[in-house]
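Small disclaimer: the values here were computed from a predicted structure and weren't measured. Each chain gets a letter, A, B and so on, in the order the sequences are listed, and its residues count up from 1.
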2 protein chains.
Amino acid sequence: MSGIEDVATLAGVSKATVSRALSGRGYVSAETRTRVSAAAATLGYVVSSSASSLVTGRTNNVGVIIPEINQWFFGSIIEGVERALLDRGYDLMLYNTSKTVEERSRVFEYFLVRKRVDAVIAVTLEITAPEAERLLSLGKPIAGIGGPLVGIPTLSIDDVEAARLATEHLLLLGHRAIVHVGGDIDEQMDFHVHSKRLRGYREAIEAAGISYDPESHVATPFDIPGGYRVGKQLLGDPRRRPTAVFAACDEVGIGVILAARELGLSVPEDLSVIGIDDHPLSEMFGLTSIGQRPDLQGEQAVDWVIRQLEEPGWTPPSKHTFVPARLVIRSSTAPPRRVG
Amino acid sequence: MSGIEDVATLAGVSKATVSRALSGRGYVSAETRTRVSAAAATLGYVVSSSASSLVTGRTNNVGVIIPEINQWFFGSIIEGVERALLDRGYDLMLYNTSKTVEERSRVFEYFLVRKRVDAVIAVTLEITAPEAERLLSLGKPIAGIGGPLVGIPTLSIDDVEAARLATEHLLLLGHRAIVHVGGDIDEQMDFHVHSKRLRGYREAIEAAGISYDPESHVATPFDIPGGYRVGKQLLGDPRRRPTAVFAACDEVGIGVILAARELGLSVPEDLSVIGIDDHPLSEMFGLTSIGQRPDLQGEQAVDWVIRQLEEPGWTPPSKHTFVPARLVIRSSTAPPRRVG
DNA sequence: TAGGATTCTGGAAGCGTTTGCACACGAGAA
DNA sequence: TTCTCGTGTGCAAACGCTTCCAGAATCCTA
């Protein structure tokens, strides 16, 4: 485990020059630089990040707080963030927190409190204004996926718009009896995604002259079994059965499709289904969807925080950024069967 | 941003005492300790981990190298590792590497080269003996999930045994025409899981007096679409159709079930299916499986490395550890239909 | 009551870097 | 020729902790 001193001796220069040569800061002649690099290589030298951090005040780590790992949306974000971070020479510290308010704030305090990261990326984490201010006042850039969040640059798809798009697709096909299978709007987490998607749905059907019936919204967990259970229940009763379902995410949509099949209904003949996400499984199920790219959202968030760190004076967008979501039409949506 | 000096002044003691009081090392009177804690609290003081690391030589980070995130098995490992690490006061640095040999070794070098982690947990990463030795010689504990790996403590389920168990379950039900849908055994990654599971299958059927037919093993990617495609192909031809499928993982098994349903076959009447993993979706599909708990494997790996770090003299198991896998019987397996 | 053991505290020496400052040198400008 | 100015290098002072060592106070034990 050789230190900078050894390299300096071997290269016949001072520690200061070694530091400058290796970090690329300050003046070093080309000749010296190659000599130092060679010495470092032969000794297998590598700077001690603790020593370096101590003096520079930078850790080269960025913290990522995420409520969930084993779900496509979150997993993809992590992938995108990790890739972008490593490309730029930063390491990723992962903090998995549940969505409960208590744990959220515990992690938050934990973060604030430790001098281990240069920046933080908060995924689907509602940070209060004072918390944000405190973090910002520490000089740590922060970006959020989800939002909006006051004082913090955030990004996400436009949930209202995505829901409207999905619903309009169904309306355009001629559906009138459309049920929205979404989340529980009393769950205050996730920046009210649930209520936003519900709103988009509602606005779309009302714009089409259909009055909103609270019965046409049913809540379920955001996974395949969640969609399946609701599907079974909803489609089991022929009198209540809609001609189309707008699922708030593809997993739920897939669950609904599976339930429909099991009940002997064909998709899209007896039932159209649309989701949001463009999940990798959706293609297999022919599920029409509003696609988004969580990995790119992760990359974007990384870009924001790193630029703040590296480009003095640069500031990220001051308001929430909407990333694009586009309709991917597959075989799960079609005009409703004409029932005479 | 207050330092230890400020706390010392406020508490009316020396820096040395503050350090001792806060870290719990060395003698400090109870009275002093509370006074110091109070001072630290009012100032919002928190030790600088770089400064601390610089003198102690510990970073309190552990690196996790993992080839994949968005897959249940890997995601669960990360969850388990993260939980265990945070419980013990360590932070998790995540490195997502693909399975290609080049990238594997690049990450490996990267790791070796940087003094940023106290230990590493390598998931499904085949480290060569010299690499392992080099890592160990740096005094960094390392543990692997997957394996075995010489010189490194590793753990995994017994793939041969799990495959045998699954196949025997089918044999016991009376099946003779059993196809194994697994991975490509030429993929050298993952410690040959593919060939091990194939071996377990083969040993089981041969023990039952059935001769092994290479046609009865078909390879496909380890995901639902992979199983689906193979299922469609395999079950489409009634003459080739087996009475049972042993899928090398549950995702594949689910894909096969979906394919079967689509072809109008009922499971388990027309086809029995068994998988490995006990994936969260398996319950919904009634998939019989050999269950494993990747999260617990992650916790175990953490325990190994942390104990090495904290209990001088403690050494992890010198050979590979098999973790339990148990048969979970659901509705996808039954005796074959009697075809008279 | 002496003397060793135990508990408590402070001073100061690092830990391995980065960087401000001083200085030396050669080149171009005045 | 003298003066700047841009380069290239070294010295030494931080950076914010932990821990060794020594000394003081208290407590037992003989």
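- Taking atom CG on B:Asp6 and atom P on D:dG16, their separation rounds to 10 Å, with Å as the unit.
- Note: CD (A:Glu31) to P (D:dG8) measures 11 Å, nearest angstrom.
- Rounded to whole Å, the distance from CZ on B:Arg25 to C1' on D:dT19 is 9 Å.
- Remark: P of C:dT18 and CG of A:Leu22 are 8 Å apart, rounded to the nearest angstrom.
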Produce a footprint string for nucleotides 20-25 of chain D: one letter per nucleotide, 5' end first; B if the base is under 4.0 Å from any protein heavy atom, S if only the sugar-phosphate is, - if neither. B-----
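- Distance, B:Tyr27 OH to D:dT19 P: 15 Å, rounded to whole Å.
- Checking C:dT17, C:dG10, D:dT9 against the side-chain heavy atoms of B:Val13 singles out C:dG10 as nearest.
- Among the protein residues, B:Thr32 comes within range of the sugar-phosphate backbone only, with heavy atoms under 4.0 Å from sugar or phosphate atoms but none that close to a base.
- In this structure, A:Lys15 atom NZ and D:dC15 atom C1' are separated by 13 Å, rounded to whole Å.
- Between the side chains of B:Trp304 and B:Gln308, not a single donor N or O lies within less than 3.5 Å of an accepting N or O.
- Between A:Glu68 and A:Phe73, every side-chain heavy-atom pair lies at or beyond the 4.5 Å cut-off.
- Side-chain nitrogen and oxygen atoms of B:Ser14 include none within less than 4.0 Å of the OP1 or OP2 phosphate oxygen of C:dG11.
- Scanning for salt bridge (charged side-chain N to carboxylate O under 4.0 Å, His left out) contacts around B:Asp118 gives an empty result, with sequence neighbours left out.
- Taking for each of B:Val55 and A:Thr17 the nucleotide of DNA chain C with the nearest heavy atom, the 5'-most of the two is the partner of B:Val55.
- Between the side chains of B:Ser53 and B:Ser50, not a single donor N or O lies within less than 3.5 Å of an accepting N or O.
- For the pair B:Thr56 and D:dC17, the criterion of a side-chain N or O lying under 4.0 Å from OP1 or OP2 is not met.
- Within the 4.5 Å cutoff, side-chain heavy atoms of A:Val18 are placed close to those of A:Val13.
- At the heavy-atom level, B:Ser19 lies under 4.0 Å from base atoms of the strands shown.
- If you find the closest nucleotide of DNA chain D to B:Ile4 and to A:Arg33, the one lying nearer the 5' end belongs to A:Arg33.
- The backbone N or O of A:Arg116 lies less than 3.5 Å from a partner atom in the side chain of A:Thr59, making a donor-acceptor pair.
- For B:Arg58 and D:dT19, the CZ to C1' distance is 15 Å, given to the nearest whole Å.
- Judged by distance alone, the side chains of A:Ser52 and A:Ser49 never bring a donor and an acceptor atom under 3.5 Å apart.
- Across the protein-nucleic acid pair, A:Glu5 atom CD and C:dT17 atom C1' stand 11 Å apart, rounded to whole Å.
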